[in-house]
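Report on one structure; see the data block that follows.
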Amino acid sequence: MQALTHVDTVRPHLEGPDWWRGAVGYEVYVRSFADGNGDGVGDLPGITAKLPYLADLGIDVVWITPFFRSPGLDHGYDVADYCDVDPLHGTLADWDELAAEARRLGLRLFVDIVPNHSSSEHEWFKQAVADPTGPYRDYYLWRDPAPDGGPPNNWVSHFGGPAWTLDPGGSGQYYCHLFLPEQPDLNWANPRVMEEFAEILHFWADRGADGFRIDVAHGLCKDPAFTDNPQHRPVTPGMHPMDVFAAFDHIHDLHRHETAVLFRQWRTAASPQGSVLLGEMDTRNVERFAEFVADGTALHAGFVLQLGLGEWAPEHILDTMLEYQEKANGGCAWEVSNHDQARAVSRFGGGEVGLRRTMAISALMTAFDGMFFVYQGEELGLPDAVLLGHVEDPMSARNGEGMWTRDVARGPMPWTSGPLNGFTTAPAAWIDTAALPPELTVEQQRDRVDSTWHAYRRLVGLRSAEPALWQAPFELMRRDNNCIVLRRGDLIVAGNLGVSAVEVPELLDASIVYESTASALRDGVVAPESTVVGRCAH
Ligand code: NOJ
C-alpha cells in the first residue's frame, strides 16, 4: 500500500458557522470498519488508526454509528447509556484519542444520537417499569389495552408485529416501540426528556463532537390521542416487516408537525457549542422535510433517504433531487446508500453498470446544495456482501427465514487481501461474509490510479477544489427527460442518467473538471449514465 505522503489539515471550504454546507461526510458503520483489538468487532481504536485513510480520501466529516453502552440487539441502536462507550467498541479514553486524532487531521466528527427510543436495559426504562408512579414512568409511552385486551391501537413496529408490548412490570399497560420490544419509545411530550438529551448533546460536544446524526428524527413526537394509522393495503402472512410497515400511512406515529417544532429546542441546546444537527429523515414528503430544515431554526439538514432505497429509476431520481433542491433551502444531506439499505452498486444493476450509475448520481450530488455522504466501502465500488452465516440483523432474524436483510450492507471493510480482508486479526468477524477479491480491497485500489477509489477521491475532492459547485447560484439550464444541465458559476454540470448520449453544446469548449466515467465527454456529447463537470471558456 502506498504510504500517505500528505495529509491536508487545512480545509478552507469548511470555514464559518455554515461550514457543513460544503462538507463531504463518510459513514463509518462501527462494527464493520476496523477492528483494533482483534476480537472480530470494529471499535474506536480501529477507526482512529484509519482516520489518516479518510483524510487522504478527502473526507471532511466522519459520522460514526452508535458505539454507546448497549445490549447490541439492534447493533448499537438500542442504547443503555448515552454517555459511555460500550466495552465492545472501546472506552471513553479511546473516544478522546479518536477525537484528538481527528482534530490533528482536520476532520470533523458526527456522533449518532438515538432519541426515538432507548434500550429496555437503560436505567430510565428499568425505573419506569419498577415504579409506575415514579418520575421515569413518563419518560416512555404507556397506554391501557384496547377494550379486547389487545394493543391500544393498530401501530406496527418497523421490525415486525405490533408496536406495543405489555409492561413486564405487570401493570397491565402496554408500552410503545416503533422498533424492537427491547427499544421502548421515549415520550417527547415530557420536557424532562429534552433536558436529558440536551445534557447528552453537551457531553459529546464537550468531548469533541462537531455534530450529531439524529436517528429516526422524523419519529420523535406521536399523536397524543394515539389514533389508528390509516391502512391502504392488506397485510398478509409472511410479508416482510418493511412491507407491512409500508401498508400504513404513518400520519400519527411519524412525520408529525410537533417534531419539527421540537427540533427548535434541539437547536437551542446545540447552539452554544455550534453543533450541527443532521436528521435521519424518512419523511417521503418534501414539504414536511422542508419544515424540519428549511428555515434554519430547527435541524441544519436531513438525509434524503429516498435515493438510497429504490432501484435505478433516472426520472424519479432527478425529480427527487430537483424537488429537494428547490424546497429544502440547502438542508439536504445526499447519499446513495447507508447501513440500512442494499449497496448502490447492487441496487442500480450490479457490476460495471451498477458502478457507472452510482458514480454518475454521486457526481451529480456533489453539485447540489447541502452535504454529500459516502457510505464505507462505496469508495471501492463494493456490491452487497455475500452472506455465509446466520442472519445478524434483528429485522430479518426475528421474522423468519429468507427475508431481505440489512446485513448485505454491513460486511467488513476490505482493507487487504489477507485473512478476513485485513478487517480483524481474530479467527472470525462478527458477521460471516465471503472474502472480497483483491481488486476490491483498499490495498490494491490505492495503488492503481485507474481504480474506483481514485475516481471517488477526485469526486470527493470536487467540493473543496470547486466551491462554486455548492456555493454559486444553482441554475437549472435544461432538462431533457433523464438528462439535466446545471450552471454553477463558471461550471457546467451535465448529469445524463439516461440510456442515450446527449448533446450539451455548453460543454463544447469547456475544460473538463470531472467525468464520472472515462471519456464521458466527446465533442460536446455526454455519454449515457454519466456526469460531466466542465468549466466554461466564457
Ligand atoms: C435507523 C438506523 O439507521 C437503523 O439501523 C436502526 O435499526 C433504526 N433506526 C432504529 O434505531
Side-chain angles (χ1 to χ4, degrees), residues 25-33 42 63-80 82 86 89 110-122 125 140-141 155-161 163 176-186 188 197 200 212-220 222 240-242 244-246 250 253-255 259 278-284 299 302-309 333 335-343 373 375-376 385 391-399 403-411 430-431:
Y26 187 98
E27 180 190 352
V28 165
Y29 189 68
V30 61
R31 286 188 154 242
S32 296
F33 189 62
W63 149 32
I64 307 175
T65 57
F67 47 81
F68 318 111
R69 255 182 207 278
S70 161
L73 297 176
D74 189 19
H75 300 144
Y77 285 96
D78 47 328
V79 180
Y82 291 90
D86 194 277
H89 302 305
F110 279 9
V111 165
D112 199 335
I113 286 295
V114 188
N116 178 67
H117 45 266
S118 71
S119 159
S120 52
E121 291 298 306
H122 196 292
F125 191 71
Y140 295 89
L141 299 168
W155 296 0
V156 289
S157 151
H158 289 74
F159 291 166
C176 177
H177 54 87
L178 293 185
F179 295 88
L180 296 177
E182 297 88 344
Q183 292 170 298
D185 278 32
L186 286 156
W188 279 90
F197 274 86
I200 293 164
F212 299 91
R213 180 260 190 192
I214 303 166
D215 190 58
V216 200
H218 53 290
L220 304 195
K222 275 75 177 177
H240 194 284
M242 286 165 89
V244 175
F245 201 78
H250 293 275
D253 56 345
L254 300 172
H255 319 314
T259 309
L278 169 59
E280 183 214 18
M281 295 233 299
D282 194 1
T283 63
R284 315 275 165 101
L299 298 179
F303 277 107
V304 181
L305 295 178
Q306 286 88 325
L307 304 175
L309 291 169
E335 54 151 47
V336 288
S337 54
N338 64 36
H339 66 282
D340 292 330
Q341 304 162 343
R343 284 191 173 273
F373 270 81
Y375 176 48
Q376 71 184 40
V391 174
E392 299 285 347
D393 173 6
M395 180 174 68
S396 10
R398 294 199 186 184
N399 287 287
M403 297 228 159
W404 181 82
T405 167
R406 300 177 296 175
D407 285 355
V408 295
R410 299 177 177 184
W430 70 278
I431 187 168

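Residue indices begin at 1 and follow the sequence shown. These figures come from a predicted structure and were not determined experimentally. Counting starts at 1 for both ligands and their atoms, in listed order.
With a heavy-atom cut-off of 4.0 Å, Val216 touches ligand 1 through its side chain alone. Under 4.0 Å from ligand 1, the heavy atoms of His339 that appear belong solely to its side chain. Residue contacts with ligand 1, taken as heavy atom pairs separated by less than 4.0 Å, do not involve His158 at all. With a 4.0 Å heavy-atom cut-off, ligand 1 is reached by no atom of Tyr29. Contacts between Gln341 and ligand 1, counted as non-hydrogen atom pairs separated by less than 4.0 Å, are absent for every part of the residue. Proximity of Glu27 to ligand 1, defined as any heavy-atom pair under 4.0 Å, is not found for any part of the residue.
Scanning the protein heavy atoms around atom 7 (O) of ligand 1, the nearest turns out to be Asp74 OD2, 2.6 Å. Counting protein heavy atoms only, atom 1 (C) of ligand 1 is closest to Asp215 OD1, 2.8 Å. Protein heavy atom in closest approach to atom 8 (C) of ligand 1: Phe179 CE2, 3.7 Å.
Ion pair Glu182/Arg398 flagged as a salt bridge, since at least one NZ, NE, NH1 or NH2 atom sits closer than 4.0 Å to an Asp/Glu carboxylate oxygen.
Ligand 1 lies out of reach of His75, whose nearest heavy atom is not under 4.0 Å from it. Residue His117 places a heavy atom under 4.0 Å from ligand 1.
No donor-acceptor pair under 3.5 Å is formed between the side chain of His339 and the backbone N or O of Arg410. A donor-acceptor pair is defined here as one N or O able to donate and one able to accept, closer than 3.5 Å; such a pair exists between the side chain of Ser157 and the backbone of Phe179. The main-chain N or O of Asp215 is never found under 3.5 Å from a side-chain atom of Tyr77 such that the two would form a donor-acceptor pair. With hydrogens and angles ignored, the 3.5 Å screen pairs a side-chain donor or acceptor of His218 with a backbone N or O of Asp282. Proximity of a side-chain donor or acceptor of Asp78 to a complementary backbone N or O of Gln183 within less than 3.5 Å is not detected.
One distance of note links CG of Asp86 with CZ of Arg69; it measures 6.5 Å at 0.5 Å rounding.
For the pair Asp340 and ligand 1, the shortest N or O to N or O distance falls below 3.5 Å.
Ligand-side atoms of ligand 1 in range of Phe159: 7 (O), range being under 4.0 angstrom from any heavy atom. For ligand 1 and Arg406, the ligand atoms under 4.0 Å from any heavy atom of the residue are 4 (C), 5 (O), 6 (C), 7 (O). Interface of Arg410 with ligand 1, defined as ligand atoms under 4.0 Å from a residue heavy atom, comprises 5 (O). Each of the following atoms of ligand 1 lies closer than 4.0 Å to a heavy atom of Glu280: 1 (C), 3 (O).
A centroid separation of less than 6.0 Å is found between the aromatic rings of His122 and Tyr82.
The aromatic rings of Trp63 and Phe373 sit perpendicular, their planes meeting at an angle over 60°, well past the 30° parallel limit. Between Trp430 and His75, the ring-plane angle classifies as perpendicular under the 30° and 60° cut-offs.
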